[in-house]
Number of protein chains: 2
Amino acid sequence: MTTSASSRDHCSRRGDLAAPCSVCGAKEFNICQPLDPARQASLYARAVRLHWARREPVFAAGQPARHVYNLTEGMVALSRSLADGRRQIFGFLLPGDFIGLEAGDAYGCDAETLSDAKACRFDRATFDAFLRDNPDVALGLVRAASSDLAQARQHELLLGRKTAVERVASFLLDLRNRAGERHLRTQPLSLPMTRSEIADYTGLTIETVSRIFGRLKSQGTIDLADATAVRVLDEARLKRLSEGAD
Amino acid sequence: MTTSASSRDHCSRRGDLAAPCSVCGAKEFNICQPLDPARQASLYARAVRLHWARREPVFAAGQPARHVYNLTEGMVALSRSLADGRRQIFGFLLPGDFIGLEAGDAYGCDAETLSDAKACRFDRATFDAFLRDNPDVALGLVRAASSDLAQARQHELLLGRKTAVERVASFLLDLRNRAGERHLRTQPLSLPMTRSEIADYTGLTIETVSRIFGRLKSQGTIDLADATAVRVLDEARLKRLSEGAD
DNA sequence: CGGTGGATTGAGGTAGATCAACATGCGTGG
DNA sequence: CCACGCATGTTGATCTACCTCAATCCACCG
């Protein structure tokens, strides 16, 4: 996992799954707005930096929502399960994403690391106060919240109406696009989640996911060095597959 | 469709699918907070009241998001479709719900009336200005937005991991609960949407939805006077069915 | 090495889709 | 008021995409 930051790009991020921002005045802190340094520092001083290993819980559904996290390194999955264990994964968070922002009094889903991960943690009260003093940042978060909803709806469409191939292709393209937006590596694209987690995201089974990866590979649409890294060889085709053509 | 409002309940709503609020100072206006009358009036004066027939578009995905609506009567469906026509319905809005709040520059989904419907329409700029002056109302909307996300995730779980029976049972219970919260009639519960729309909400087909309604009826779990009105006879059982028991 | 947790691959089963026929209700116009 | 047509809903028969179960493979690690 390599990390470096160009001094020219604001909030530029390199490497695989890390995103310290070198411009905002604080390492491993991702509110990418040119804040006045005093205010920045005051919030930063109250941030607790955390480090998890792979497959550790960040929080669980139902717990009192005392903290807000900003992920700086690694990936986190949000999910909820039925009583009998069937699980739905809502999304895979990338460095730069906030975790637990949308919660009311209690977290509404489980959050678990998929890889080694780091985050800044803020007390909810501190964070709210900070937002009250920084309406520009707050506005950004409102945008983020509305994009979460848009993404959830995209996912509903995937789960309710797409075929297995369309789901897997959409999953790959979406992850790739989001990684690209954050300047993470997209070729090969890192897949720290297991087939089981991809299955729980796409509403399929492990076996179906595996078979479809196999089919995409033998078609020459993608290449898999190992199970955790995809190289997209024919993006146009993948796009068509994700929308029901072919 | 009968409408009356008790003078004791704030924002109490009666009847089937109508929700004028008699306390907020303006008929057919649902920001249920005791606003100072001057501010209330200023926004109310700029609201345009609209009336649609059944199956009319409110707006379509991709259109510039110039307005925000507050539904006062009837039901509206939010959906998006794939190029080949497959459609996913995200939810059915009830009187009191806002429409188009979450949009960025453009609406992210199609909104269509399921019945005769009325709404107050506000210019986005007017509305935003109003919110800026009324942080309490704005806070309420933030809550509403976060509950939209919670609901979307509930729906993702339904679409990704529930069986057909569980989906239909969940749909009925959810609609019933939301109708109850707004003091709309819940017994019998009005279903202005067609089987096709229920199918597009549950990710099933018309036929499967119809068969499951039939099964629930012959079990004695529900009763259907006609296709558009359900009476829940055994709520506990319906709840168990929605969660995978039985 | 052997053991363990993924991932892949194959064979067969099934929930729900699809296709098809029919029923029902409703508005329209004669 | 009835006859017709159309939209919606129900029900049955069959099909199939994906699931389930099972075997094998593979990489990593103590």
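In what follows, chains are A, B, ... by sequence order, proteins preceding strands, each numbered from 1. Treat the numbers as computed from the prediction; the structure is a model and nothing was measured. Heavy-atom basis, side chains included; hydrogens, waters and symmetry copies ignored.
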*asked:* For B/Glu102, is there an ion pair with A/Arg153 - N to carboxylate O distance below 4.0 angstrom?
replied: yes
*Can the ring centres of A/His67 and A/Phe59 be said to be less than 6.0 Å apart?*
no
*asked:* Between C1' on D/dG9 and CE on B/Met193, what's the gap in Å once rounded to a whole number?
replied: 16 Å
*Shortest non-hydrogen separation from B/Ile206 to B/Ala199 and the atoms involved*: N-CB, 3.6 Å
*Distance in angstrom units between B/Glu197 CD and D/dT8 P, rounded*: 9 Å
_Using only atom types and a distance under 3.5 Å, with no angle test, would you say the side chain of B/Asp174 pairs donor to acceptor with the backbone of B/Ser170?_
no
*Look at B/Arg182 together with B/Asp97 and state whether they make a salt bridge at an N to O cut-off of under 4.0 Å.*
yes
*Return the value, rounded to whole Å, for the distance between atom CD of A/Glu207 and atom P of D/dA22.*
12 Å
*Of all nucleotides in DNA chain C with an atom under 4.0 Å from a non-hydrogen atom of chain B, which is the first and which the last going 5' to 3'?*
C/dG16 to C/dC19
*Whole angstrom value for the distance that separates P of D/dC21 from CD1 of A/Ile206*: 12 Å
*Please confirm whether the backbone N or O of B/Ala53 pairs with a side-chain atom of B/Thr113, one donor and one acceptor, at under 3.5 Å?*
yes
*Any side-chain heavy-atom pair of A/Gln88 and A/Asp200 under 4.5 Å*: no
*Which residues, if any, of residues 159-171 of chain A bring a heavy atom under 4.0 Å of DNA chain C?*
none
_At less than 4.0 Å, is any side-chain N or O atom of A/Thr208 found next to OP1 or OP2 of D/dC19? Yes or no._
yes
*For DNA chain D, find the residues of residues 209-226 of chain B with a heavy-atom distance under 4.0 Å and give them by number; none if there aren't any.*
B/Ser210, B/Arg211
*With a non-hydrogen cut-off below 4.0 angstrom, is A/Thr194 in contact with a base, only sugar-phosphate, or nothing?*
sugar-phosphate
*Flag the pair A/Glu166 and B/Arg86 as a salt bridge only when some basic side-chain nitrogen lies within less than 4.0 angstrom of an acidic carboxylate oxygen.*
yes
*Does a side-chain N-to-carboxylate-O contact under 4.0 Å join B/Arg176 and B/Glu235?*
yes
*Would a 4.5 Å heavy-atom cut-off, applied to side chains only, mark A/Leu157 and B/Leu82 as touching?*
yes
*Take atom CZ in A/Arg66; do more than 12 heavy atoms of anything else shown fall under 6.0 Å from it?*
no
